[in-house]
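Notes follow once the structure below has been shown.
As the structure lists them, so they are numbered: ligands from 1, and atoms in each ligand from 1.
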Amino acid sequence: MPQLKSPAELNELRKGLELGTSPDKPCIILCSGSACHATGSNAVAAAIEEELTRQDLRDTVDVRRTGCHGFCEQGPIIVIRPEDICYLQIQPEDVAEILSETIVQKKVVERLLCTDPELEQRIVHESEIPFYKYQKRLVLGSNGRISPESIDDYLAIGGYSALVKALSEMTPEAVVDEIKKSNLRGRGGGGFPAGRKWEGTRDAPGDTKYVIVNADEGDPGAYMDRSLLEGNPHSILEGLAIGAFAIGSNEGYIYVRQEYPLAVKNVTLAIKRAEEYGLLGENILGTGFDFRVKVHKGAGAFVCGESTALMTALEGRVGEPRPKYIRSNVRGLWNCPTVLNNVETWANVPLIINEGADWFTQIGTEGSKGTKIFSLVGKIQNTGLVEVPMGMPLRDIIFKIGGGIPGGRKFKAVQTGGPSGGCLPEELLDLEVGFDELTKVGSMMGSGGMIVMDEDTCMVDVARYFIDFLTEESCGKCVPCREGLRQMHKILTNICEGRGKQGDLEELEELSEVLSEASLCGLGQSAPNPFLSTLRYFREEYEAHITQKHCTALSCKGLISYWIDPEKCKGCLICMRKCPGEAVVGGKKQIHVIDQEKCDTCGVCMEVCPDRFGAVKKISGEPVPDAIPEAERMIGTGAGQ
Ligand SMILES: Cc1cc2nc3c(=O)[nH]c(=O)nc-3n(C[C@H](O)[C@H](O)[C@H](O)COP(=O)(O)O)c2cc1C
């Protein structure tokens, strides 16, 4: 490895690097992010190796394994460059045909292409697939081009040029000013302006200052930070080094949860390679700037994503938050001025330094500039990671990119902002996503989790679920959060299980106020959001649960009963055999009846009842009809069979 001694040496090295896009030598790009890994990308990679030898193509084609492309629903994904041909859900058996047809004969394998659900046409090119077409992948885009293990790949796409620019053409103050001018707001939670935070640290007294990447990412369903660290670790290191230069720091940490083994592996390797090239370490590129980075594996507690708890954990103590009488950018890690930013925030920095704040501020809304990555999950056709310009309406994200709700179900709500975010109803689908826009309607941007819910989701149960998560994850240090959440969880559980009573909602509202006013950290302060937002937009569901013991979505187990419609039952025995509680009584050609005493509402009877009969029904808020007398249950003799 060459130890680069100057920016000129780096530029020289860069000239000799190419990213396999020559038309004479096609490149097979195989997505190998965690989701594609789970759906079998290793087996596909092995099949590619085998077929390259078998078809004698080893010298004719490049193969590159990259990080996450985002379209996780359809993995494993292969893209053939330079033509940009995209194949989805690849199995090892498909590989021989891809090589012989597409690589050798330049023909497309139709059956492996994406199908446009509206036009019912096959789509050849990745950029034309609706999931990608409406995105603006500034931060995530390189994930699909480079191998995360190769620093040369990153250099070939212009990597580390922003660091060179900062170190050789800008003063630290100018870097801070550029970030301030860009109005880059933190992508990990509150949306605090990064430039102002950096300035505070730069101006704070003290010789030792730190920079930290927050890669704790504890929100259920969110995985954008993991995918960035796995797929493009150098972009985060580059941003971090620029930040360190700007604030006067020589030491940085990446706080990443240990459940992210691939992210830990790739970022650790990236640090090693950058040190070998002289892009991290002492006297970087001969500019006199020293900067070292260490990886710290967090034990995986949600509260450790909170800035002060994270720093306490980094110091080797129990990860609990501390009061913020003085901001952590002035007194943070080991009481030294510290800049903590989210993974995606850091990844935006090289782009801003390279392209300029004026370019960045052209993207987005008045108050929210640039793009935002969301992990689009839940009841959505195209689960995956999407990056959109700030200001895109929720409707476009969910329907144009996400492909809408599967199974012909109706959209009900979308939860943004992680477990302490809010649930937004259909009326707000035209809301443009942005920090202030989301806060105004009772939700928040958070780190970018976006959970879509359909008509079968009970909003009271959703609030209970998130409050349950937060109760478990509360560190217990402050009483309002520890006890308040426990109490909220108890009341919500009672409501979901049919024990709700008048006054519960008022008590929940009072508890919410205490939690947000009196909790020590953001966990408790924002914890009432799932309750408050569901109450604001779906109050009638709470009232129906409490007064009529009726769950509108027919989802709360304690409020539903299963009943077999005697008009439709064919006495086929299937539900009787499958019921784990032996609650279905009957016999062959006899109308089946559910013994309500024994039934634990698991729903297996409904799942297994053949669609053509559709005899099992769910009911809520009304009495179960009386069972027909035993003597009339023989099919053909009673109940109109
Ligand atoms: C309970 C809790 C958990 C948090 N988890 C994360 C997290 O996983 N990742 C993150 O970047 N920020 C998280 N935050 C926000 C951080 O406290 C902090 O604001 C953020 O890392 C600052 O970076 P940013 O300005 O770039 O967003 C969390 C906050 C709270 C209250």
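- Legend: ring-ring contact (aromatic ring centres under 6.0 Å, His included) pairs involving residues 166-190, not counting sequence neighbours: none detected.
- For Arg482, the CZ atom is densely surrounded, since the number of other residues' heavy atoms within 6.0 Å is greater than 12.
- In Asp207, the CG atom is not crowded: 12 or fewer heavy atoms of neighbouring residues, nucleotides or ligands sit closer than 6.0 Å.
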Polar pairs, ligand 1 vs protein, N/O only, below 3.5 Å.
{"from": "ligand 1", "atom 1": "8 (O)", "to": "Glu217", "atom 2": "N", "distance (Å)": "2.9"}
{"from": "ligand 1", "atom 1": "9 (N)", "to": "Asn214", "atom 2": "OD1", "distance (Å)": "3.4"}
{"from": "ligand 1", "atom 1": "9 (N)", "to": "Asn214", "atom 2": "ND2", "distance (Å)": "3.4"}
{"from": "ligand 1", "atom 1": "11 (O)", "to": "Asn214", "atom 2": "ND2", "distance (Å)": "3.4"}
{"from": "ligand 1", "atom 1": "11 (O)", "to": "Asn342", "atom 2": "ND2", "distance (Å)": "2.8"}
{"from": "ligand 1", "atom 1": "12 (N)", "to": "Gly188", "atom 2": "O", "distance (Å)": "3.2"}
{"from": "ligand 1", "atom 1": "12 (N)", "to": "Asn214", "atom 2": "ND2", "distance (Å)": "3.1"}
{"from": "ligand 1", "atom 1": "14 (N)", "to": "Gly305", "atom 2": "O", "distance (Å)": "3.3"}
{"from": "ligand 1", "atom 1": "17 (O)", "to": "Ser307", "atom 2": "N", "distance (Å)": "3.0"}
{"from": "ligand 1", "atom 1": "21 (O)", "to": "Asn214", "atom 2": "ND2", "distance (Å)": "2.8"}
{"from": "ligand 1", "atom 1": "23 (O)", "to": "Asn342", "atom 2": "N", "distance (Å)": "3.3"}
{"from": "ligand 1", "atom 1": "25 (O)", "to": "Lys197", "atom 2": "NZ", "distance (Å)": "3.2"}
{"from": "ligand 1", "atom 1": "25 (O)", "to": "Asn341", "atom 2": "ND2", "distance (Å)": "3.2"}
{"from": "ligand 1", "atom 1": "26 (O)", "to": "Asn341", "atom 2": "ND2", "distance (Å)": "2.8"}
{"from": "ligand 1", "atom 1": "26 (O)", "to": "Asn342", "atom 2": "N", "distance (Å)": "2.8"}
{"from": "ligand 1", "atom 1": "26 (O)", "to": "Thr345", "atom 2": "OG1", "distance (Å)": "2.7"}
{"from": "ligand 1", "atom 1": "27 (O)", "to": "Arg187", "atom 2": "N", "distance (Å)": "3.4"}
{"from": "ligand 1", "atom 1": "27 (O)", "to": "Gly188", "atom 2": "N", "distance (Å)": "2.7"}

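- Using modelled atom types and a 3.5 Å distance limit, the side chains of Thr416 and Ser443 yield a donor-acceptor pair.
- A donor-acceptor contact shorter than 3.5 Å is absent between the side chain of Glu513 and the backbone of Glu509.
- Heavy atoms of other residues, nucleotides or ligands lying less than 6.0 angstrom from NZ of Lys165 number more than 12.
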